2 protein chains.
Amino acid sequence: MEKRATIKDVAEAAGVGVATVSRVLSGGSASPSTRERVLAVAAQLDYRPSALGRNLRQRRTGGMGLLVPDLTDTFYGQLAEGVLACARSAGEPVVLGSTGGDPEQEADLIGMLLEQSVDRLIAVPSGDAETWSPALRAGMTVIFADRLPAQSLPDDPGGTALADLLLLDGLSPAPQPPPQPQFQTRPRPLDVPAVVADDRAGIRTAVRYLRGLGHKRIAFLGGPGQHRRVAAFREAVGAPVDEELVVFGTGSRDSAYAAASGLFQSRPDLSAVVAGGNVLGEAAVLAARELDLRVPKDVSLVMYDDVPWAELCSPPLTVIAQPGRDMGYRAAELVLRSGGRKPRSVVLPTELIIRGSCGPHR
Amino acid sequence: MEKRATIKDVAEAAGVGVATVSRVLSGGSASPSTRERVLAVAAQLDYRPSALGRNLRQRRTGGMGLLVPDLTDTFYGQLAEGVLACARSAGEPVVLGSTGGDPEQEADLIGMLLEQSVDRLIAVPSGDAETWSPALRAGMTVIFADRLPAQSLPDDPGGTALADLLLLDGLSPAPQPPPQPQFQTRPRPLDVPAVVADDRAGIRTAVRYLRGLGHKRIAFLGGPGQHRRVAAFREAVGAPVDEELVVFGTGSRDSAYAAASGLFQSRPDLSAVVAGGNVLGEAAVLAARELDLRVPKDVSLVMYDDVPWAELCSPPLTVIAQPGRDMGYRAAELVLRSGGRKPRSVVLPTELIIRGSCGPHR
DNA sequence: CTGAAAGCGCTAACAC
DNA sequence: GTGTTAGCGCTTTCAG
């Protein structure tokens, strides 16, 4: 437990001032001879600059924060791996928090990050504009990943927020939403960049695929924060959406199971289900089995997220794959490279991977 | 992007000295009237003490580091959730790193944590004593989780290290290993506390269960860092272990698959497999399917780790469940409560959950 | 090109 | 009880 050498030790041993050491080590200007001597001494003393001093001086902690709803959800595991890979190659620390999908815990974690002066954050958001305003007001560089916060428009209780869907819909630039009336108390959409999958295209492709198989009654099994996917589903299915076929879990595996089970029982006439995420897909498989529904004979299933175990199911699950790892990596790149400026959003492609969980409508 | 209030601002606004503010906020002594005034002003100014100043002053970053091999492995996701839950309730930050099971990356991450002055660390270790000595020498409080570093004894190339097995074998206190001869260059076992599952009992139970089903040729499909489980398997199987029935992947899903596939092909006479972790179990299921081996008709399978998708397989997988979340939570508790002292190790129970992947030996 | 010095925000002696 | 003060290790003006 010996104490580490400080910059002062190095300066003395090299016979130079601390400023010179600092310059040399951060690539500043110095005469070749000095530079060499300092480097030698630093190596000799096994000097590692302390992030503590630097952080205080710069009034900011390096690295980035990462907030995800649940690490036992394999997709978020992939996302996190991507972020960590990028951070590691940059030698930057990542402060991780798991929100459980709960805006309150999310707010607490944001507070913790603020206290740590972490000023760059990648988040799969659970709260709304109110939850996020402290971070934004503090000047944090925030990048959302995988989804955007719900926009609690008064007339849109389900959080479907069409404007939100329009905001990031793939290749076609979205038209600006109409200017809000002045003195409006309704929160405006957060102007935060995001790295998300092209949900609209992904869902559309899946729905068309199912349609092509002859399915008419297609259900959507959603989770919290999936307003973009639901909206895409509604759009893909077309005008008169059977509302009973759109159900939601609250995020836990139990509630996902309950939602799936309820769906199957209340509407035995449905012939296909699109699950909005892997936890929901898992629930659908379980519920179907419990109710003796055969996949794909009795019900076809498409799951959002490709995860290793999708192939283990029998039959293997047809999925809408989104690049979780890339998503994390890209987000980390953006947040690291943003020199304070606000990065641009990124939409990543999805891919329908056809395996065995969909069959023709009987 | 307004700048935050500092302790000085609060002191001035409350008409007291900075020390008093500091004391009040850290629960020190102060007269009721002062305390109240300071608290009021602090709330008023929305003052949040900056961790930066405190950290530098105390020459240590709060919170803890967490190093795991791979977050897409659901078990480590569970473990991480446990750590995060404990940290969150303590309001402490967690700096996360993913090592990919690679000692070099692990060493890099340890260096990064040292640079950040993170002095408490929970790790699923991949490297050996050499990898870990920097952390230990720097006075870090380290707790291993899930497994212990391999002890590269010269005459124990497989890393089986019986002493290691004896070190933590559940309820019975282990006998002290015989004193090492002096002048020995061989590294001694690391004296680092750990939170692990009772691998010995878990494996033993599984092997007995399979034996009870009539299986004679039982294979073990292991991964890196599983020396304790292999040793337990050898012990449970008894003296003449058929070495061809003990195979290893290197950690990646690909290599796990290759190992499983190779095993099934080279030894068609085996009738049961114990997979040392969920990634290995996944590989075993996939390889068996590819080779047209039916589970459990042709081969019985027990997998270490209970993960949600184990129930999705058909048949659902019989597993040795270990409490991943608890493991993480306990480790975090230990590392947070250790006031510098070295915590005691903890061994958590496992449970054999019988589902449908094991059948009688034909 | 280099060194001296001024803090960053906080805590912990130490005086009163 | 409370205020004053001295740094923690580093970066960054500002002179030389």
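Letters go in sequence order (proteins before strands), and every chain restarts at 1. All figures in this text were calculated on a predicted structure; none of them were measured in a lab.
Using a 4.0 Å heavy-atom criterion, one finds that A:Leu52 contacts no nucleic acid atom at all.
Panel note: side chain A:Asp9, backbone A:Thr6; a donor-acceptor pair is recorded below 3.5 Å. No donor-acceptor pair closer than 3.5 Å links the side chain of A:Arg337 to the backbone N or O of A:Ala332.
Each of B:Ser33 and B:Gln58 was matched to the nucleotide of DNA chain D holding its nearest heavy atom; the match closer to the 5' end belongs to B:Ser33.
Summarising the geometry, the separation between CG on B:Leu56 and C1' on C:dG9 is reported as 9 Å, rounded to the nearest angstrom. A:Glu36 has its CD atom 16 Å from the P atom of C:dC1, to the nearest Å. What separates CZ of A:Arg59 from C1' of C:dG9 is a distance of 9 Å, to the nearest Å. Atom P of nucleotide C:dG9 and atom CG of B:Leu25 are separated by 16 Å, given to the nearest angstrom. Here the P atom of nucleotide D:dC8 and the CD1 atom of A:Ile7 are 13 Å apart, to the nearest Å. Atom C1' of nucleotide D:dG9 and atom CG of A:Leu45 are separated by 15 Å, given to the nearest angstrom. With rounding to whole Å, A:Arg60 atom CZ is found 18 Å from C:dG7 atom C1'. Atom CZ in A:Arg4 sits roughly 15 Å away from atom P in D:dC8 (whole-Å rounding).
Residue A:Ser29 places at least one side-chain N or O closer than 4.0 Å to OP1 or OP2 of C:dC1. Proximity of B:Ser50 to the phosphate of C:dC8: no side-chain N or O atom is located under 4.0 Å from OP1 or OP2. Applying the 4.0 Å criterion to OP1 and OP2 of C:dT11, one finds that B:Ser22 has a side-chain N or O inside that range. Under 4.0 angstrom from either OP1 or OP2 of D:dG9 there lies no side-chain N or O belonging to A:Arg54.
For the pair A:Val38/A:Val16, a side-chain contact is recorded, criterion being any heavy-atom separation below 4.5 Å from C-beta on. Between A:Leu121 and A:Trp132 the shortest side-chain heavy-atom distance falls below 4.5 Å.
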Review item, side-chain donor-acceptor pairs of residues 89-101 of chain B, under 3.5 Å, at least two apart:
unit_1	atom_1	unit_2	atom_2	d
B:Ser89	OG	B:Cys86	O	2.9
B:Glu92	OE1	B:Gly63	N	3.0
B:Ser98	OG	A:Glu81	OE1	3.3
B:Ser98	OG	A:Glu81	OE2	2.7
B:Ser98	OG	B:Pro69	O	3.3
B:Thr99	OG1	B:Val68	O	3.4
B:Thr99	OG1	B:Gly101	N	3.1

Q | Residues A:Arg147, A:Ser126; criterion side chain to side chain donor-acceptor pair (under 3.5 Å); working and verdict | A | CA-CA 9 Å; A:Arg147 66 191 189 196; A:Ser126 297; 3.3 Å; yes
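Counting all heavy atoms, side chain and backbone alike, A:Val118 lies closest to A:Met64 at CG1-C, 3.9 Å.
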Distances under 3.5 Å only, N/O to N/O: pair up the protein atoms with those of nucleotides 3-6 of chain C.
unit_1	atom_1	unit_2	atom_2	d
C:dG3	OP2	A:Gly17	N	2.9
C:dG3	OP2	A:Thr20	OG1	2.4
C:dG3	N7	A:Arg23	NH2	3.2
C:dG3	O6	A:Arg23	NH2	2.3

